[in-house]
Every structure is written in structure tokens, then in C-alpha cells.
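Residue numbers start from 1 in every chain, and the chains themselves are labelled A, B, ... in the order their sequence lines are given, proteins ahead of strands. Keep in mind it's a predicted model, so treat the numbers as computed, not measured. Both backbone and side-chain heavy atoms feed into the values below; hydrogens, waters and symmetry mates do not.
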2 protein chains.
Amino acid sequence: MWQGGGMSAPSIRARIRAEMIEEIKAVARRHLATEGGNLSLRAVARDLGMVSSAVYRYFPSRDALLTELIIEAYQALGDAAEAGDAAAARDDLRGRWLGVSHAVRAWSLAHPAEYALLYGSPVPGYAAPSETVVPAQRVAFALVQVMIDAAVAGRLAPPDGTPVPPPVRVDLARLLEQRPGALTEEQLARGMAAWSQLFGLVSFEVFGRLAQGVVEDSEAYFDHQMRLMADLAGLPAEPGPSSDPGPAARPGQPASEE
Amino acid sequence: MWQGGGMSAPSIRARIRAEMIEEIKAVARRHLATEGGNLSLRAVARDLGMVSSAVYRYFPSRDALLTELIIEAYQALGDAAEAGDAAAARDDLRGRWLGVSHAVRAWSLAHPAEYALLYGSPVPGYAAPSETVVPAQRVAFALVQVMIDAAVAGRLAPPDGTPVPPPVRVDLARLLEQRPGALTEEQLARGMAAWSQLFGLVSFEVFGRLAQGVVEDSEAYFDHQMRLMADLAGLPAEPGPSSDPGPAARPGQPASEE
DNA sequence: CCCGAGTCGAGAGCACTGCTCTCTGTTTGC
DNA sequence: GCAAACAGAGAGCAGTGCTCTCGACTCGGG
């Protein structure tokens, strides 16, 4: 943008600038982890040995810095979720489902302040920019993808119970157009139930609304709840017939990078 | 405390003081509703025609004021939930279940800032005091109570699917001691799944993580999701045989006081 | 009745915040 | 080589939570 031609010769200054931006974000992320949600731009600047107004050469406002951190946090969470999926054998559908779930939980517990940025109360005047909607859906996609793979393999149990009422069916059908023919509206509704259940559970745990003497073994509790959701989604209990039925699909800590 | 004897003769000054406390809380609640989460004590004082230091005669800190508002918000939410339960016939178990759910959603959408105080990111240094744990459980109790009533009436379907693993069974059994013999651990686990599902859904909607073109008719979507949870909990679909099977158990806006 | 004690409000002040503006020195592209 | 763009420092503004002091007021007991 400010450099017309191709990406030739990053012109030392531009490279320094890019490094500076990364350094600011790194320090801000560190502050977020230690101090908590109310990020102080002045404190970040102080840690970098510069004065607060200098930071405004790189970010137009504190909210812009937060937005950058939010986007990168969505990426990191999405990466963790997909890594949790990839850690299981492709036909171990329930193992993949639990892999995604436990990866999301592990990342969230390891980065509570960033999780609060993503799924806590939105900051006062700040409105989530459009760049955040796509990465925000990666976790939901990861869960639904397991259901889709199960459906195309003919291993997704047909849902019983309450059918989807017409108005909801319209909304869900619109979502299903992106992945045509794979799932029914009933099945997608169950996948989205698992999705909101996942973040409800993680929010309770990260925000400390659960650990007050209610549940001791919170990981086992979480694992059981997500298995209930796997049942609800219609995922089969055992891996496919073409794979070794080893000790897969155990909770553990599937993925927790950094 | 500062008045030794009984509660005789509130001594004008004490009455004025109590009124002042209520007035401060009322203005603070109004500010919370209009401005958002970051409550400014000085702005509240300004609205009351007093200077900020005067407010400290009534509340030792801003967090103390917030704590008061949090406790009262829990009470209001609990009242709404129980009113939503009471609006349905006692033996219309699914109607009561949905009544509680829709009442919680309606209150939360009507009081987003207070909801964020309860279920959003916890404020920086602030740790939820012990006065908040009991009122925070009222909603969960309201849901579980419907299941208990269904169980004693022999109308709660036995759960199938994944059994509760031993470590979780220990935690749940400890919770069940307060209501002995009514539910199995499997059933309580499903009730708590519905509980976290409820707040996961409401959080998504209140915090604007859902309405971005994903779901249009969010009330119908919520209703369907909570019916899925009623299925999961094992609640019967129809009211009991001793009641008229009229047009009950419809969504609507069961309770939304104030 | 009156007077010390406790209460209340106002004001000034401290340390902090996000952000703007101006000024100086450096780097860049032509 | 030079004008333009950029980077950092510093001062400053308006706002925040909170503390302290000081005068006015009210209350309860003698």
C-alpha cells in the first residue's frame, strides 16, 4: 500500500517496522496474560523502552491493537482445534470429535485472557470487525466436518426426537448450502448444539464459574459432556472397521502448542 | 452494626442513607445499561449532583458497588427463571423446562450489561465473593428441579448412551446428596449439559457472536436447541394425563419483568 | 440544652489511562 | 542532494479510581 511496486527490497525501514509491530504485539500478549483483560498501552510502551505516543506510529488506537490480537487468537484457537482433529485417525470419528473439543479446552485454559477477548464480554465501544467472522467459525467447522465425514461414510446415526421447525429449517438450510447434500437440518442443529455446548463449558471453566467446589475433575467432566454431545450428534462409538481398534479416543491433552 | 440495638427507630439519617445507597445503585444500573460494562464512579456521582469522593461514604470501592449490582442481578435472573417455571402447569414438564429457558434468555437480552457482569469475562482484580455462589445456582436448580419432578412422577425417560465414568460419578454423587434418591448420575449429567448449553447459547446471542448472518430467527433457534436438551434430559414431550393438552409449551416471552 | 462524636459532602491532589499535537532527528525515493 | 515521509520524545488534555483534609451537619448522652 505505502510501497507501490512488488515485494522487492523491503527497504530496511519497512523491515524494522514490521519487527516493531510484532514486538509490540508480543509484549501486549504478555501483558494480557499476566495483568488481565484491561491492556494498558502505556505499560506496553514502557516495557519497550519507548513513550506511549510512539506506539501510535504503529497502531492507530488501543482497540486496533486489541483487534490484531483478537484475530491472531482466533487463528491460534483454530489451529489448535484442527491440530486436535488431525491427531486422530481419519476414520476414528469420535476420537477426532474429542480431539477437537479437548484441544479447544486446552488452548482456552492456557490462554484465559485471550479466550476472554474472543468469547467474553465484548469491550465497550468496540464492534467486532468483519475480519473476525471467518476465523471465528473454524472451530464450528471442525466439529461439523467430523459429522460430514461420518455422514458420507454412512456412519452417522439418523437423529430422532424433536424435528426442526420451519423457521429454523430455513436458517439451517442456508448454512447447509455451503456443504450441499452432506447433512440434514436435524443433524446440523445437533452439531451446532455441540458447538455452543463446547463454549458454554469452556467459558464456565475459564471464567471460574464451575470450579467453586461443584466439579473437581473438570477434565473428566468435560470429556463426558462432549461424549454426550457426540452421542447427540450421532457419531458412532467405535472406530471404523478398517483400522486398528487401539487405545484411541482417550482424553489426554491432544494439542496444546506454544 | 453501627446501631447497637434492635431495628427500632431507623433514625432519619439511617433512612436517608439507605435511600442514598439505593439511588446510587439505581443510577449505576442505568449507566451500566446505557454506557456498557466499564462503570464510571465519577459519572454516577455527577449524575447524582455530588462529587466522586462523596460516593465513597456509601461504597468502599468501585468493585464493592459492582459486587452489589452482581448480587442483585443474580437475584433478578433467578426470580425470572423461577417465574418462567411457575408460568406453566406443574405437570407440564416440558413447558416448565422451556419456561425457565426462555425466561433466562429474555432477561439476559433485556439486561445485556448485567448479564455480562454475571457470565462474561470476570473484571480484572475482582474475585467473585462467596455471596454470589448460592444465587448463581438458582437457574441450574430450576432446570434440575423439573427433572426431579419428572423423576418422582415416573415420567423421566431412562438415559441411554455413554455412561458416566467413575471420577465424574464421584463429583455428581456429591451434588446429588443434597437431593437424595431423585436422580441418577447419568440424569444429573444431562441436566448440567442443558445448563451449560443454555448459557452457551445466551452468551453467543447477547455477546453478538451469533447474529452475524448465521441465524436469523434466533428465538426459534433457541427454542429448538432447548427442546433438544429436553429430549436429552429425558423429559416427556406431552403434558401429564390429568391436564388439558391445550396450546401449552409454546415459546413466547414467558417472563420479562421490570 | 449543649457539646463531643460520628457522618457527610466538597475540594484538592496523586497516579494512572487513551489520545493529540508539536518538535527534532533520521531514512527514503527521486 | 533534497524534499518528503517517518519515528520518537515530550507536553498536554480530559478522564479515571481513590485518598486526605476540612467545614458543615446531625445524632445521642449528659
Rounded distance in Å - [atom1] ([X]) to [atom2] ([N]):
{"X": "A/Asp63", "N": "C/dT17", "atom1": "CG", "atom2": "P", "value": "16 Å"}
{"X": "A/Ile16", "N": "D/dC6", "atom1": "CD1", "atom2": "P", "value": "16 Å"}
{"X": "A/Asp47", "N": "C/dT17", "atom1": "CG", "atom2": "P", "value": "11 Å"}
{"X": "A/Leu41", "N": "C/dT20", "atom1": "CG", "atom2": "C1'", "value": "14 Å"}
{"X": "B/Phe59", "N": "D/dT19", "atom1": "CZ", "atom2": "P", "value": "16 Å"}
{"X": "A/Arg15", "N": "D/dC6", "atom1": "CZ", "atom2": "P", "value": "18 Å"}
{"X": "B/His31", "N": "D/dG17", "atom1": "NE2", "atom2": "P", "value": "10 Å"}

Which one, C/dG11, C/dC19, D/dG17, comes nearest to the side chain of A/Arg62?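 Closest of the options to the side chain of A/Arg62: C/dC19.
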With the side chain of B/Ala54 defined as its heavy atoms from C-beta on, choose the nearest nucleotide among D/dG17, D/dA9, C/dG9. C/dG9
Minimum heavy-atom distance between A/Ala116 and A/Phe207, given as atom pair plus value: CB-CE2, 3.9 Å
Starting at the 5' end of DNA chain D and moving along, which residue's nearest nucleotide shows up first, B/Arg46 or B/Pro60? B/Arg46
Return no unless some side-chain N or O of [X] is found under 4.0 Å from OP1 or OP2 of [N].
{"X": "A/Arg17", "N": "D/dA5", "answer": "no"}
{"X": "B/Tyr56", "N": "D/dC20", "answer": "no"}
{"X": "A/Ser40", "N": "C/dT17", "answer": "yes"}

Decide, yes or no, whether a salt bridge links B/Glu177 with B/Arg174 under the criterion of side-chain N to carboxylate O below 4.0 Å.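 A salt bridge is absent here (no side-chain N lies under 4.0 Å from a carboxylate O).
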Scan [X] against the nucleic acid and name what it touches under 4.0 Å (heavy atoms): base, sugar-phosphate only, or nothing.
{"X": "B/Tyr58", "result": "sugar-phosphate"}
{"X": "A/Leu48", "result": "nothing"}
{"X": "B/Leu39", "result": "sugar-phosphate"}
{"X": "B/Ser61", "result": "sugar-phosphate"}

For A/Tyr221, ring pair (Phe, Tyr, Trp, His ring centres under 6.0 Å) partners two or more places apart: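 A/Tyr221 satisfies ring pair (Phe, Tyr, Trp, His ring centres under 6.0 Å) with no other residue.
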Any N or O donor-acceptor pair under 3.5 Å from the base of [N] to the side chain of [X]?
{"X": "A/Arg42", "N": "C/dG18", "answer": "yes"}
{"X": "B/Ser53", "N": "C/dG11", "answer": "yes"}
{"X": "B/Arg57", "N": "C/dG9", "answer": "yes"}

Do we see a donor-acceptor contact under 3.5 Å between the side chains of A/Ser203 and A/Tyr115?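 Yes, because at least one side-chain N or O of A/Ser203 sits under 3.5 Å from a partner of the opposite role on A/Tyr115.
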Applying salt bridge (charged side-chain N to carboxylate O under 4.0 Å, His left out) to A/Arg62 and not counting sequence neighbours gives none
Please test A/Arg57 against A/Met20 for side-chain contact (heavy atoms from CB on, under 4.5 Å), starting from the C-alpha separation and ending with a verdict. CA-CA 10 Å; A/Arg57 298 286 175 194; A/Met20 197 69 201; over 6 Å; no
Should the ring pair A/Phe199 and A/Trp195 be called parallel, tilted or perpendicular, given that the plane angle runs from 0 to 90° and is split at 30 and 60?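 Rings of A/Phe199 and A/Trp195: perpendicular, over 60°.
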Assign the ring pair A/Phe222 / A/His102 to parallel, tilted or perpendicular, where the plane angle (0 to 90°) is split at 30° and 60°. perpendicular
Below 4.0 angstrom, which residues in residues 19-28 of chain A have at least one non-hydrogen atom near DNA chain D? none
